[in-house]
Amino acid sequence: MVFLITGASGILAQALIQRLSGLGHVVHSFSRSPDLINGMEEDGGIENSRLEDFQEVVDCVIHCAFTRSESLVALTESLAWTQEVASFCEKHSVPKVINISSQSVYPNNLHGQLISEKTPVSPSTRYGLAKYASELIFNRLSHLTVVNIRLASLVGKGMEARALYKMTLSALQEGKLQISGGKQYVSLLSVNDAAQGVLNIALSEKSTGKDTVNLASQESLTLLEVAGLIDSQVQAIGRAPVAIETKAIEEDGLPSLKLSCFKLEAVYGLKISDSVDNAIADIVANFKAASEASA
């Protein structure tokens, strides 16, 4: 198959490019990053501005490109680029489009309630609203198969700025964790599992028409349970138990998100488990290796 992937500088897109190329698929990767394009020239890295003139036949577009910012300017630019990609898909009658959306389209105050694809959309951020707008843009395409993947928050390699990495590092360096609340649910997914999930959906013949699916790990974890997994992995390398301190906060004042993966398994046959625990294990292993190397 021939794939076109946008946002080639992103962590998820990079993982997808690697997997698809490894399976023998042809991959055309678009990015606005000149440095990345120079580094990927042999693999077909292409400047975004050249999309309008791109004439290769494409079987599937995977749209990963989107800002993580809350900036109105950045979000507007991302939606404008999304519209360009959608126009390309319609003009060239691309058979299948995978749009990487986000769990941020859902309300984050349904404490403990399982959120399915039928849960009414109610973004609490500009980013979430823009992501839902991207879904609407692609769903307007006629005669094309479109799958909007509402992705859980990514963790693992390349996601060092996110909370899971910082929590694990704190446990390793200081031997303690301080968390607010603890009963709130978090939907997390490793980059590796996300890439494999997107790949399986892209290659699946089960999706037709316009579809939406949550992509997350099967475990519904609270923040306190995540802290417990970190403690277990830290102890697994011979460290003392981590002191976990919780700060009491009203549940209603904390964001909480518990994604249902029923459709992911029922329709696409995907069941992702232990994603968070494996991501923590990788962080701990890398920390241990770096510590031993510098000793």
Side-chain angles (χ1 to χ4, degrees), residues 11-12 15 100-119 128 148-172 177-201 212-237 241-242 244 246 249 251 254-287:
I11 300 298
L12 177 60
I100 305 302
S101 187
S102 168
Q103 63 178 5
S104 297
V105 305
Y106 293 121
N108 64 4
N109 58 354
L110 302 179
H111 299 283
Q113 295 183 38
L114 204 56
I115 296 176
S116 76
E117 293 81 0
K118 294 182 179 180
T119 300
N148 292 296
I149 297 179
R150 292 176 177 170
L151 195 63
S153 183
L154 294 181
V155 295
K157 187 177 181 181
M159 297 294 162
E160 288 79 8
R162 297 197 170 176
L164 185 73
Y165 181 84
K166 293 178 180 179
M167 288 172 66
T168 306
L169 208 61
S170 175
L172 287 163
L177 278 175
Q178 295 178 319
I179 59 176
S180 297
K183 294 182 180 179
Q184 67 268 42
Y185 284 89
V186 290
S187 289
L188 307 172
L189 186 65
S190 74
V191 173
N192 288 335
D193 286 334
Q196 191 58 52
V198 172
L199 176 62
N200 288 353
I201 293 170
T212 300
V213 63
N214 294 337
L215 181 54
S217 188
Q218 293 283 335
E219 298 87 11
S220 296
L221 299 172
T222 64
L223 190 58
L224 193 57
E225 288 170 336
V226 171
L229 292 177
I230 293 173
D231 177 36
S232 296
Q233 291 294 345
V234 169
Q235 289 191 59
I237 62 169
V242 178
I244 301 173
T246 59
I249 292 181
E251 190 178 77
L254 294 169
S256 182
L257 204 57
K258 186 178 180 181
L259 288 185
S260 167
C261 297
F262 176 80
K263 184 175 181 178
L264 182 68
E265 183 176 1
V267 176
Y268 295 98
L270 292 175
K271 187 173 183 178
I272 302 170
S273 58
D274 300 322
S275 189
V276 179
D277 199 25
N278 291 337
I280 295 168
D282 286 343
I283 295 170
V284 171
N286 290 337
F287 178 87

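K118 meets the side-chain contact (heavy atoms from CB on, under 4.5 Å) test with S116; sequence neighbours excluded. Scanning for salt bridge (charged side-chain N to carboxylate O under 4.0 Å, His left out) contacts around K263 gives D211, with sequence neighbours left out. Residues meeting the side-chain hydrogen bond (donor to acceptor under 3.5 Å, both in side chains) test with Q178, sequence neighbours left out: E245. Remark: D282 pairs with no residue by the side-chain hydrogen bond (donor to acceptor under 3.5 Å, both in side chains) rule, at least two apart or across chains. For Y185, there are no side-chain hydrogen bond (donor to acceptor under 3.5 Å, both in side chains) partners two or more places apart in sequence or in a different chain. Evaluation of the side-chain hydrogen bond (donor to acceptor under 3.5 Å, both in side chains) rule for S217 yields E219 as partners, not counting sequence neighbours.
You'll find the side chain of L12 reaches within 4.5 Å of the side chain of L151, heavy atoms only. When side chains are defined from C-beta on, I201 counts as touching L264, because their heavy atoms get closer than 4.5 Å. In this structure, L172 and I237 have side chains that are in contact, with non-hydrogen atoms separated by less than 4.5 Å. Between S275 and L188, the closest side-chain pair of non-hydrogen atoms is not below 4.5 Å. L164 is not listed as a side-chain neighbour of M159, based on a closest heavy-atom distance of 4.5 Å or more. At a threshold of 4.5 Å between non-hydrogen side-chain atoms, the residues L154 and I11 do not count as touching. Here the side chains of K157 and Y165 are not in contact, with every heavy-atom distance at 4.5 Å or above. Side-chain contact between I230 and I244: absent, with no pair of heavy atoms (C-beta onward) separated by less than 4.5 Å.
Residues Q196 and N192 bring no donor and acceptor atom of their side chains to less than 3.5 Å of each other. N214 and Q103 form no side-chain donor-acceptor contact under 3.5 Å, judged by distance and modelled atom types alone.
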Could you walk me through whether V105 and N148 satisfy the side-chain contact (heavy atoms from CB on, under 4.5 Å) test, starting with their C-alpha distance in whole Å, then the side-chain angles of each, then the deciding distance to 0.1 Å, before giving a yes or no? CA-CA 11 Å; V105 305; N148 292 296; over 6 Å; no
I272 vs L215, test: side-chain contact (heavy atoms from CB on, under 4.5 Å). Steps then yes/no. CA-CA 9 Å; I272 302 170; L215 181 54; 3.7 Å; yes
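R150 and Y106 get closest at one heavy-atom pair: NH1-OH, 3.1 Å. Heavy atoms only, all atoms of each residue included: L257 and P107 are closest at CD1-O, 3.3 Å. Closest non-hydrogen pair, A152 versus L189, comes out as CB-CB, 4.1 Å.
Of the candidates L221, T222, L114, L114 is the only one forming a side-chain contact (heavy atoms from CB on, under 4.5 Å) with K258.
In this structure, the side chain of Q184 engages the main chain of G182 through a donor-acceptor pair within 3.5 Å.
In this structure, the separation between SG on C261 and CD on Q218 is 5.0 Å, given to the nearest 0.5 Å. The CG atom of L259 sits 8.5 Å away from atom OG of S220, with the distance rounded to the nearest 0.5 Å. Separating the CD1 atom in I280 from the CG atom in D274 is a distance of 10.5 Å, to the nearest 0.5 Å. Distance check, rounded to the nearest 0.5 Å: CG of D231 to CE of M167 gives 11.0 Å. Summarising the geometry, atom OG belonging to S190 is positioned 10.5 Å from atom CD1 belonging to I283; distances are rounded to the nearest 0.5 Å. Atom CG of L169 sits about 6.0 Å away from atom CZ of F287, to the nearest 0.5 Å.
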